[in-house]
Amino acid sequence: MEKNLAKTYDPKDFEDRIYEAWETSGAFRAERDPDRKPFTIVMPPPNITGQLHMGHALDQTLQDVLTRFRRLQGYSALWLPGSDHASIATEVKVVEKLREEEGKEKEDLGREEFLKRAWEWKRVYGGKITKQCRKLGDSCDWERERFTMDEGCNKAVRHFFVQLYNKGLIYRGNRLINWCPQCGTSLSDAEVEHEDQTGSYWYFRYPGADGGEGIVVATSRPETMFGDVAIAVHPSDERYKDLVGKNVILPLVGKEIPVITDIYPDPEKGTGAVKITPAHDENDFMVGQRNDLPTVCCINEDATMNEVAGKYEGMDRYECRKAWVKDLEEAGYLVKIEEMVIPAGTCYRCHTVVEPMLSDQWFVKMEDLAKPAIEAAKKGDLRHVPERFEKIYLHWLEEIRDWCISRQLWWGHRIPAWYCEDCGELIVAEEDPTKCPKCGSGNLRQDEDVLDTWFSSALWPFSTLGWPEETEDFKYFYPTDVLVTGYDIIFFWVVRMVFSALETTGSVPFSDVYVHGLVRDAQGRKMSKSLGNGIDPLEVINQYGADALRFMLTTGITPGNDMRFKEDRLEAARNFANKLWNASRFVIMNLQDENGEFLPMLKCCEDCCGHACCNDAALTGDLKDEDKWILSRVNDATRYITDTMERYDLALAGQRAYDLIWNEFCDWYIEIVKGRLYGDDEEDKKVARYVLVRVLKSVLTLLHPFMPFITEEIWSYLPHGDAKADNPNNFIIRADWPEYNEALTFPAETEKLEMAMSVIRAIRNIRAEAEAAPSKKLSAVILCAEGREAVVEAGERYIKNLANITQISFIEDKKDVPEETMSAVVDGAEVYIPLDELMDYRAELDRLTKEKKRLEGEVKRAAGKLSNEGFISKAPAKVVEEEKAKKVMYEEMLAKVADRLAVVEAKLK
RNA sequence: GGUCUGCUAGCUCAGCUGGGAGAGCGCAUGGGUCACAACCAUGAUGUCGUGGGUUCGAGCCCCGCGCAGACCACCA
């Protein structure tokens, strides 16, 4: 009974089984091996709220391809997985759940009970996404899995916070921050998105306190007028010269506010006069500070109006806007309305319009932290791939403002700061203090707020390796090698990891940042929940297999650019897997006898396994030309794939593996070798078996990072030499990456094979043009060009088998060319096919005419180049020589085609 | 307003440091050939957005323009 792959490729038959085998055998475990170099990637931790989506699939596949590649190369490869507590996102989900299931608000439960629910959420849903990662084939070290809010991360967060605080880099201050009324918390600048909304500019008159005309100002947010403390104009603005220093009246409110000058107003914009509301606008806040103005807050945290708004108190900000405008209009203060597109800042979580608010918050002082992070990129310690993203990174850091890190939420790392209720002392400490160091009171209250989620994410590359402890893992695996992420989170995350790492560990957290694009739908739209155009990776895996999905995601893309998710590309990837499957089935079939026992193979040594480690060079005496040709192709691809992988050009590497397997191995080598396998030369069969195993193992290894499951499954059916026969851990995931070998280039054999291939293609073309059935046996007459006889004649066996030719006559004289033939001219030979009664001179005429035209074009092009004085004198000699050789070649071919054409034309007369 | 990306075969996209335009899908023709019809063979299709420039030579480098998109800034 033959022990072979199933008749049809069905990834469901083996993907889960193989993953399980990898995991239980410890194949993903990274050892601290001093003899090997480490290769480390930390996984961007998915949110515990999340479902695996296409973005994760892309991000993780890229990481897995890199990890598997380095592991095969012999590195001690660690891909460290984990998940993120996602402070805001999770809290929102838990609150929603509570509301739906119990009809309660979080305040009804209280902080402690609410946190219990949140941890429960984490327990139930937190593992979901990591299970989904397994479906993708992620080869991460699950034994080192971390969570951004586990004990170690919490320790790291506290340590970092205290360190920054003691250095004066964290401070508490009353400043203008972005407030999300829906989420009920402050946000950092990075968490605010800019959206264009349709809105209006309302022009209102603020009458003069002296009974004069006063001044007209425009605003898009009339409800903030209650917080107005001044009207500002530019010092050079002649129009308002007389009003400066006087007071105007806030309409209907009756309050008097001064007209002041400041450099902020732009005389070109609006009326040139700006109302100043320091409590609700960043620019106004700065004007207020410069001019010593008071701040008047008129909006509550839930976006309703406060008592300053008088009769509008309690109204929502937009309701108030409507009523207030109406009242002002009726009172005659409204001058005009302009419809405008108003850019609005919105919350990145709930898309509510954020309200700038004056508030007590914790901040990280950015100036000193940003500098080393900028330097690191400029010096080249931190390399962006593609390079252009460095510009974005630098721009953000150069423009950065202080980072608001406190959040008015419950789920997250609580700020390690305490207030003494007796003396008011502020205590910031890693360990919970028991009494006030100043007055000794035990009456301490911890700050209610938690930290921005990204504060803990910023420590991820080192907190996961044990920092702040100097653990063995930290010493061996840190700094990490590459961070893989989408360009959409450079600001949130990459930047912050870099400055945090430089501040704490003294080195960049990773030397490379590999930035990828977004996965869009087939129409090029962003995949989103609201559009409902998201595609579930798990469904895709179910239908096409994980390997197909992975291959589709990693090939046909350009680093840093978005990609479209097209079903036909997925199908193509699946078809490729199917092709490999069938080719492998063919190989295995020919390695075994009818009992499924492996037949003898040529060996390079006692333990010969037919893998990349084998010494092919020692066997060249036994190898046939085609064997050497395919080995040289594998060798060439090995170099190319290794190089492109090392430069992160994964798409090019994957494409080369595809071409190698399909076009070179399947279409040519396997077709050629069939003749030998079905023949009766037993010694030669051993050679063929060796080469088949050797080549298949190499291509499987080269493809393994992209398609881990199918390559592992096929691997398990191959013979692995005496030494590995009983090793249950003989997995391809642990194999050796092939190395380029100068001894395997075989230029002479390659020339012979390529000669034969062009003759075969020419004959097949004649067949098709003459509409002769592929099954029809034909004979051929070949006239070799001078000096090329040996090269051409070496191809006899291939030509017979692959072009279905029964007999070939090699002739030396043009006179011996038979009459009734169709012909083709290739470089080095003329091929004639007698077609007897099928002979179609019309078809032949068409073919030759077309070919003549093509060759004329080629000759003209080459001649044109060569007659160019500048080209001859300035182009490199090598290029000129090549061009000359081409010209000669095409001229010869053209002459032959022209001769032949004359013969055919004569026939037709 | 600033920065960046894209514009290549009907569609989706490759094209490394400048040296004769590629793939997949689709299309046409022929083929159940003993690994594979999720296949095989053969073939057709491109003023590489546009106008200049540099160069012996430009899809690739430089400048201008057009169209599409992204990000940052902007909320009088």
Side-chain angles (χ1 to χ4, degrees), chain A residues 4-5 7-9 194 196-197 199 201-203 216-221 232 264-266 269-275 281-284 340-345 353 356 388-389 391-392 395-396 399 487-488 490-491 517-518 522 524 526 544 555-558 560-564 566-569 571-590 640 643-644 647 649 651-652 655 658-659 666-667 670-671 674 678 761 764-769 771-775 803-804 858 861-862 865 868-876 878-880 882-883 886:
Chain A
N4 204 339
L5 298 165
K7 179 93 173 117
T8 50
Y9 166 64
H194 295 275
D196 281 345
Q197 302 193 335
Y201 281 171
W202 287 272
Y203 288 75
V216 175
V217 299
T219 179
S220 62
R221 297 195 301 152
Y264 166 60
D266 178 353
K269 281 179 164 179
T271 62
V274 188
K275 68 187 211 54
D281 183 281
E282 179 71 35
N283 288 312
D284 292 6
M340 293 287 281
V341 173
I342 310 287
V353 174
R388 67 185 137 94
F389 289 102
K391 216 166 176 175
I392 294 175
H395 182 254
W396 172 262
E399 301 291 308
Y487 58 70
D488 51 335
I490 291 176
F491 305 138
L518 270 38
K526 213 164 163 174
Y544 294 95
T555 56
I557 61 165
T558 314
N561 288 14
D562 291 352
M563 68 173 303
R564 289 189 198 205
K566 299 270 284 182
E567 193 98 3
D568 58 359
R569 288 192 44 229
E571 245 174 75
R574 189 270 320 267
N575 292 352
F576 172 52
N578 185 51
K579 184 73 183 178
L580 175 62
W581 184 267
N582 284 308
S584 303
R585 224 159 61 79
F586 169 84
V587 172
I588 293 162
M589 179 182 295
N590 284 287
Y640 183 83
D643 288 352
T644 47
R647 315 198 297 260
D649 265 328
L652 296 179
Q655 191 58 45
Y658 179 101
D659 292 338
C666 293
D667 288 351
I670 287 187
E671 291 308 320
K674 272 179 183 171
Y678 299 154
R761 272 189 278 255
R764 285 171 173 174
N765 176 252
I766 289 173
R767 223 182 243 285
E769 298 288 327
E771 298 194 347
S775 53
N804 198 18
E858 297 288 3
R861 191 194 52 75
K865 261 191 157 176
N868 182 334
E869 194 61 35
F871 177 73
I872 303 291
S873 58
K874 294 190 180 172
K878 191 179 159 225
V879 175
V880 176
E882 279 170 4
E883 207 57 47
K886 280 183 215 164

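Throughout, a chain's letter reflects where its sequence line sits, starting with A, and its residues are numbered from 1.
Using a 4.0 Å heavy-atom criterion, one finds that A/Ala572 contacts the sugar-phosphate atoms exclusively. Contact annotation for A/Lys7: backbone-only contact, meaning every heavy-atom pair under 4.0 Å involves sugar-phosphate atoms and none involves a base. A/Asp562 comes within 4.0 angstrom of no nucleic acid atom, judged by non-hydrogen atoms across all strands. As judged by a 4.0 angstrom heavy-atom cut-off over every strand, A/Tyr658 is placed among residues touching the sugar-phosphate backbone only. Looking at heavy-atom distances under 4.0 Å, A/Lys566 makes contact with sugar-phosphate atoms alone, never a base. Heavy atoms of A/Tyr678 sit under 4.0 angstrom from primed sugar atoms or phosphate atoms, though from no base atom. Residue contacts shown for A/Gln197 are absent, as no nucleic acid heavy atom lies under 4.0 Å away. Nucleic acid contact for A/Val217: none, since no nucleic acid atom lies under 4.0 Å from a heavy atom of the residue. Contact annotation for A/Leu652: backbone-only contact, meaning every heavy-atom pair under 4.0 Å involves sugar-phosphate atoms and none involves a base.
For the pair A/Lys579 and A/Tyr9, the NZ or CZ position fails the cation-pi test of under 6.0 Å to the six-membered ring centre and within 45 degrees of the ring normal.
The phosphate of B/G57 has neither OP1 nor OP2 within less than 4.0 Å of any side-chain N or O from A/Asn868. Proximity of A/Lys878 to the phosphate of B/G19: no side-chain N or O atom is located under 4.0 Å from OP1 or OP2. Side-chain N/O atoms of A/Asn590 include none lying less than 4.0 angstrom from OP1 or OP2 on B/A35. For the pair A/Arg764 and B/U42, the criterion of a side-chain N or O lying under 4.0 Å from OP1 or OP2 is met. For B/A35, the OP1/OP2 oxygens have a side-chain nitrogen or oxygen of A/Lys674 closer than 4.0 Å.
Counting heavy atoms from C-beta on, the side chains of A/Lys526 and A/Leu518 come closer than 4.5 Å. A/Phe871 places a side-chain heavy atom less than 4.5 Å from the side chain of A/Val879. Counting only heavy atoms from C-beta outward, the side chains of A/Lys874 and A/Glu869 never approach each other to under 4.5 Å.
The base-pairing partner of B/G64, taking Watson-Crick or G-U wobble contacts with both distances under 3.5 Å, is B/U50. Remark: B/C25 base-pairs with B/G10. Criterion, Watson-Crick or G-U wobble with two distances under 3.5 Å.
With hydrogens and angles left out, the side chain of A/Lys391 and the base of B/C4 share no donor-acceptor pair within 3.5 Å. Taking 3.5 Å as the limit, the base of B/A41 and the side chain of A/Glu671 contain no donor-acceptor pair of atoms between them.
Checking A/Tyr640 against A/Gln655 by side-chain atom types alone, no donor-acceptor pair falls below 3.5 Å.
Computed from coordinates, the A/Arg767 CZ to B/U29 C1' distance equals 15 Å when rounded to whole Å.
Closest contact between the side chain of A/Phe491 and the listed nucleotides B/C72, B/C36, B/C75 involves B/C72. Checking B/A73, B/A35, B/A14 against the side-chain heavy atoms of A/His194 singles out B/A73 as nearest. Closest approach to the A/Arg564 side chain among B/A23, B/U42, B/U12 is made by B/U12 (side chain taken as heavy atoms from C-beta onward).
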